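Beneath this line is the structure, given in structure tokens, with notes to follow.
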Amino acid sequence: MVSRVIPVDPFDLVIFGGSGDLARRKILPGLYRRFWDGQMPEEARIIGAARSEMDTEGYQQFVRDAVTEFVSKRKCDSDLLDQFIGKIDYVAVDAKGTDGWEKLAGIMRDGVVKAYYFSVGPNLFGDIAERLHRFNIADEDARIVVEKPFGHNLETAKALNATLAEHFAETQIYRIDHYLGKETVQNLMAVRFGNMLFEPLWNAQYVDHIQITVAETVGVGGRGEYYDRSGAMRDMVQNHMMQLLCLTAMEPPSRFDPDAVRDEKLKVIRALEPVEPVDIVRGQYRGKGDDYLDDVEDRGSLTESYVAMKIHVANWRWNGTPFYLRTGKRMKARVSEIVVRFKEPPHSIFEEDTGQSANELTIRLQPNEGMDLTVTIKEPGPGGMRLIDVPLDMTFAEALGEEAADVPDAYERLIMDVIRGNQTLFMRGDEVEAAWAWTDPIIANWTEREDRPKSYEPGSVGPEEALMLLHKDGRRWRELRP
Ligand code: BG6
């Protein structure tokens with residue numbers, strides 16, 4: 001397959017929190033991969049900015065180590081890596097003080113795209129934004145990139161939006177939800193709006209229900225302090241799962257452009273009905289030697305590491321078709337997928353038909369990115385008209401070749417979109433606020449009732465009660481298998 005990589009415009013990218021974990025694991029290795037792929041122009045420059053007193057050589061070594069650790073050996077060509085390292089600079093800045101800002105202002109170049117990645121806690125967003133202005137570092141075309149968590153609730157999200165808006169226009173603010181950068185998430189839009197086959201059936205008349213699963217095998221690990229304040233609802237549902245729900249449920253935008261897409265997503269969030277407590281199951285993994293409570297400080301923590309819920313989108317398209325969402329840590333398999341379960345045919349003409357058949361379209365985000373569609377056919381051979389369901393399976397790596405499946409990861413793609421000035425895959429301020437407005441009452445209800453999460457075995461499919469959530473509607477979760 002011919003590479004279609006088009007280099008972006010020359011840029012200066014400043015990474016605040018440049019020596020942090022996200023920079024080391026995702027941002028810097030991702031930038032190197034874009035460089036390796038030929039997408040980074042000659043004049044591109046990456047500037048680490050952090051509190052640590054470090055010289056440029058020290059930071060270059062940090063970047064070299066990060067790339068060597070997180071990029072596959074095949075791509076770690078030493079000449080290329082040296083060239084990439086040549087683009088790296090470092091400035092020590094004090095986000096809350098004045099040290100380093102003049103120096104940063106002095107090294108930014110005119111005539112190139114300026115992007116500022118806030119890879120720091122949200123408590124520093126305001127300080128950094130204010131100083132970028134005070135020291136005349138950001139021009140009108142500059143972009144800032146902010147990470148989740150974008151607020152802890154509606155109130156804090158609004159305050160953050162207001163703080164950023166004091167110094168930057170909405171068109172300059174890129175709120176990252178890395179799920180939007182995943183290849184298959186974009187494929188969801190291609191499948192829905194690039195084919196005639198699915199869209200006419202994509203509604204309550206033909207769809208029985210939809211399941212969205214993001215299951216992880218990892219536990220809370222070393223992130224206990226952050227996670228215990230968030231829980232699955234804030235960490236995954238308010239953002240990543242909400243985005244998947246929006247892209248699945250939204251009306252076709254008139255164009256694939258930032259506001260057209262984001263307007264449609266916003267309409268979905270605003271159409272979400274409040275969720276009844278009986279339609280939610282919260283869980284916590286509890287096991288000998290592998291216990292949520294050992295991973296966090298508060299031995300009596302009531303924070304959920306798992307949540308499953310039934311959601312109604314109150315509009316014409318989805319009236320009566322529920323969306324079931326589930327996400328959890330320490331589950332049986334790492335699987336992210338969207339399953340669209342169609343209704344059974346209204347009348348069967350076959351005597352042997354057991355009445356169980358219904359088409360199911362599964363969009364697999366990870367692993368084995370691809371799609372599969374179950375279709376009912378006649379079981380081959382004699383013996384009458386016996387029906388069976390067979391999968392039409394398309395794993396992208398098999399269908400398009402390994403080379404085509406070697407696509408940029410979410411962060412790489414999103415950072416390049418920032419440089420290109422394309423906000424389509426970033427969340428708008430009103431979208432984030434609407435998502436919190438829906439999430440807040442659910443969490444407030446748990447807090448009020450001191451709701452105790454159900455325990456589930458680490459390595460399992462989650463709490464029993466979550467199975468019941470579908471059973472009582474005569475449905476069942478798709479088996480959790482990678
Ligand atoms: C992050 C969450 O945003 O997404 C993590 O904070 C979670 O808790 C991660 O593990 C999942 O991302 P991915 O890309 O591995 O599915």
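Keep in mind the model is a prediction, meaning the values are calculated, not measured. Remember, it's 1-based here, ligands and their atoms both numbered in the order they're listed.
The cationic atom of R175 (NZ for Lys, CZ for Arg) does not lie both less than 6.0 Å from the six-membered ring centre of F426 and within 45° of the ring axis. A cation-pi geometry, defined here as NZ or CZ lying under 6.0 Å from the six-membered ring centre and within 45° of its normal, holds between K182 and Y179.
Protein residues with a heavy atom closer than 4.0 Å to ligand 1 are K148, H178, Y179, K182, E216, R223, D235, M236, H240, K329, R334, Q366, listed by chain and number.
Side-chain contact annotation: R326 with T213, donor-acceptor N/O pair under 3.5 Å present. No side-chain N or O of Y59 forms a donor-acceptor pair with one of S52 less than 3.5 Å apart.
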* Asked: What do the steps show when you test D291 against Y285 for side-chain contact (heavy atoms from CB on, under 4.5 Å), and what is the final call?
  -> CA-CA 6 Å; D291 195 305; Y285 60 88; 5.7 Å; no
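Here H152 pairs with nothing under the ring-ring contact (aromatic ring centres under 6.0 Å, His included) rule; sequence neighbours left out.
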